Amino acid sequence: MTDRTPAQYAITPLWKMRLRLLARTSRQNWSLFWESRIGPVGLLIIGLFLLAMVAHPILISTVWEPRVYDPVMGFDRALIGRHPAPPSWSHPLGTDPIGRDVLSQLMWSARSAFALGVTAAVISVVIGTLIGAVCAYFGGVVDVVFMRLADLVMLFPFIALLMVLRSVLPLTLIRLALILGALSGLGGITIVLKSQALTVKVKPYIEAARVAGGGSWHIIRRHIIPNIMPLTFLYMMFNVTAAIFTEAVLSFFGFLDIRMSWGVMINTAQQAGYLGAFGHYWWLWAPAGAAITLLCFAFYLVGRGLDAVVNPRLRRR
Amino acid sequence: MSENGLLTVAGLSKLFPVKKRTYSLRVRNFIHAVDGLSFSVERGEVFGLVGESGCGKTTTGKLIVKLLDPTAGAVLLGGENTASIRRGKPLRAFRRRVQMIFQDPYESLNPRFTVFDTVAEPLVVQNRHSVAERERAVAEILVAVGLAPPETFMFRFPHELSGGQRQRVSIARAMVIHPDFVAADEPTSMLDVSIRAGIMELLLGLRADLGVSYLYITHDLAVARYMCNRIGVMYLGKIVELGPAEEVVQNSLHPYTQALIASVPVPDPTYHRQPGEIKGDVAAPIDPPARCRFYPRCPRGDKQCEEVSHPPLDELQPGHFVACYKASAQSRG
């Protein structure tokens, strides 16, 4: 061994090196994501929706009179008797059957869509990752119990379950997010992430960590979970899509106790009987439908872009 | 066998159940991966385990480092039975004394860990050092394994290193807590021939510097002869011949060892190999009959070998043990 002093080794502090490494890997990953082409497009669309979400309260407090433009309580007296009114200068996307501004509703609902989608996705992925890693690592009874539970959840008629639940307690947005997150977390995601964790578990570096003296939790936390993280992120993106979509379907049928969302907008049009005359009153359903489709599509694109980052087989060399 | 060895293996066996169906409760068949193994490793010694794939070398290594629990028999470390060490503090203390180097340098390093993370892991889980001490310990061991200057290697990822460099990282991880005993599981078999010698020299140098003993597992007799003080030749879970390295290679007494040595390539294109003496293929060690394990392939086997149980390890010459009735009879008669 050499007789160099420790001070000579520690030229840069550890945390600085770690930050630098993090910056370097993120740069590499970003360039892969950028090269996927579809990923950045998805990100751009998500950005537009975020912009709409942020712009809504600003518009309400500046140019939009709350009494007219409030997404839930607003009513335009100037057009009384003519609702639903077609697009005009004062209402760029028209008004709904009870005189509320469609554009305002559309922008306001972006917030609930994001809140629901992201909450449900984070919950499902956290549950799925933990249970998947634990099942793969410990195996045995724990594994059998959670895998059979996953089979059960995947086959469960959950719309029926939600209807029963609704008779007991109102299905608000946050409750729906929790239920959707828990159900999809215990279902398919657990199985996928467990199979990924199994491929990590048999690697010699897991044995090496045990020989080093690492306990079960050390190995799960430091080795297994970081190595299934990329897949976790991927599934998070696809889950946002699934949650937004489910909310729209449930709102359309009026199963939820949510005051305003894209699904509720279409439901309002349907309740008032304006969906029958297809093509007339298009502004009642087309903007909301397009928003649902576009946002789901955007998260899906980001997921595909991430796929190109985490899945080395898809990379062009 | 000496009683004051650092590590003594006594009657060590590992049976793996062969399950036919996932949920079947009764297990009828067992793979006898390691079957009644006994040897001991002295302080500062390199003990070689040689044998072909599937003979139980790696299982023996994993049993010694407690990655697996033995079905029968015991591993004694400094006279203490390691089977009683189960978890917590005693297990961590055991991990400080006994380490392992793995065969595959590509798979035995976590791809998301930098060299520093990998080498510091034993220190982190043992929780005995401050961050500054860890950095110094890692830097020192990296220099010792030939990854100098350490600051250029510390924050690289495994995919940025060559196979030889990776194996040096893996050696550094095993050595960073200064163990007494290291089980090296074919540390050079996945490496390019040109860098094998360097890794072997490194291991021998570390033995001299750190006073560590090795169990050196390999399928290559030439490597074992170069590295080891003593060699044990394994066949289907049993040691068939054990003795000083030169003695086993130059004066082999067991027909299996003789066949292994005869199969070493000769660097002469005009050389014509004698047709092999041993016949057939390695049998699967699933519930083997009691007779000599090598009997189905042995050129010398006869009725006696078929009827009696597996031969014991006899000390035919001082320190040279052989498990063969025919060899025993020869040396006696």
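The analysis underlying the following values was restricted to heavy atoms, covering all of them including side chains, and did not include hydrogens, waters or symmetry mates. None of the values given here were measured: they were computed from a predicted structure. Order of the sequence lines sets the chain letters (A, B, ...), proteins ahead of strands, with each chain counted from 1.
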- Message: What I want to find out is whether Arg156(B) reaches Glu151(B) closely enough, with some N-O distance under 4.0 Å, to be called a salt bridge.
- Response: no
- Which residues, numbered in order, of residues 179-189 of chain B come under 4.5 angstrom of chain A by heavy-atom distance? none
- Please report the C-alpha distance between Phe30(B) and Phe16(B) in whole Å, then the side-chain angles of each, then the deciding distance to 0.1 Å, and finally whether the ring-ring contact (aromatic ring centres under 6.0 Å, His included) criterion is met. CA-CA 5 Å; Phe30(B) 290 93; Phe16(B) 290 108; 9.9 Å; no
- Note on the structure: Under 4.5 Å to a heavy atom of chain B? For His218(A) that would be side chain
- Tell me, for Arg222(A) versus chain B, whether the close heavy atoms (under 4.5 Å) come from the side chain, the backbone, both or neither. both
- Arg173(B) versus chain A, heavy atoms under 4.5 Å apart: side chain, backbone, both or neither? side chain
- Task: Check the side chains of Gln28(A) and Thr25(A) for a donor-acceptor pair under 3.5 angstrom, ignoring hydrogens and angles.
- Result: no
- Item | Residue pair Arg95(B) / Gln126(B), side-chain donor-acceptor N/O under 3.5 Å | no
- Task: Report yes or no: does Asn227(A) contribute a side-chain atom to a donor-acceptor pair with the main-chain N or O of His223(A) at less than 3.5 Å?
- Result: yes
Scan the side chains in residues 119-126 of chain A for donor-acceptor partners under 3.5 Å anywhere in the protein, sequence neighbours excluded, and list what turns up.
| residue | atom | partner | partner atom | Å |
| --- | --- | --- | --- | --- |
| Thr119(A) | OG1 | Ala115(A) | O | 2.4 |
| Ser124(A) | OG | Ala120(A) | O | 3.3 |
| Ser124(A) | OG | Ala121(A) | O | 2.9 |
| Ser124(A) | OG | Asn239(A) | ND2 | 2.6 |

- Residues in residues 97-119 of chain B near chain A [non-hydrogen atoms, under 4.5 Å]: Val98(B), Gln99(B), Met100(B), Phe102(B), Glu107(B), Ser108(B), Leu109(B), Asn110(B), Pro111(B), Arg112(B), Phe113(B), Thr114(B), Phe116(B), Asp117(B)
- Message: Once side chain to side chain contact (heavy atoms under 4.5 Å, CB included) is applied, do any residues pair with Cys135(A), and if so which ones, sequence neighbours excluded?
- Response: Ile131(A), Asp143(A), Phe146(A), Met147(A), Lys194(A)
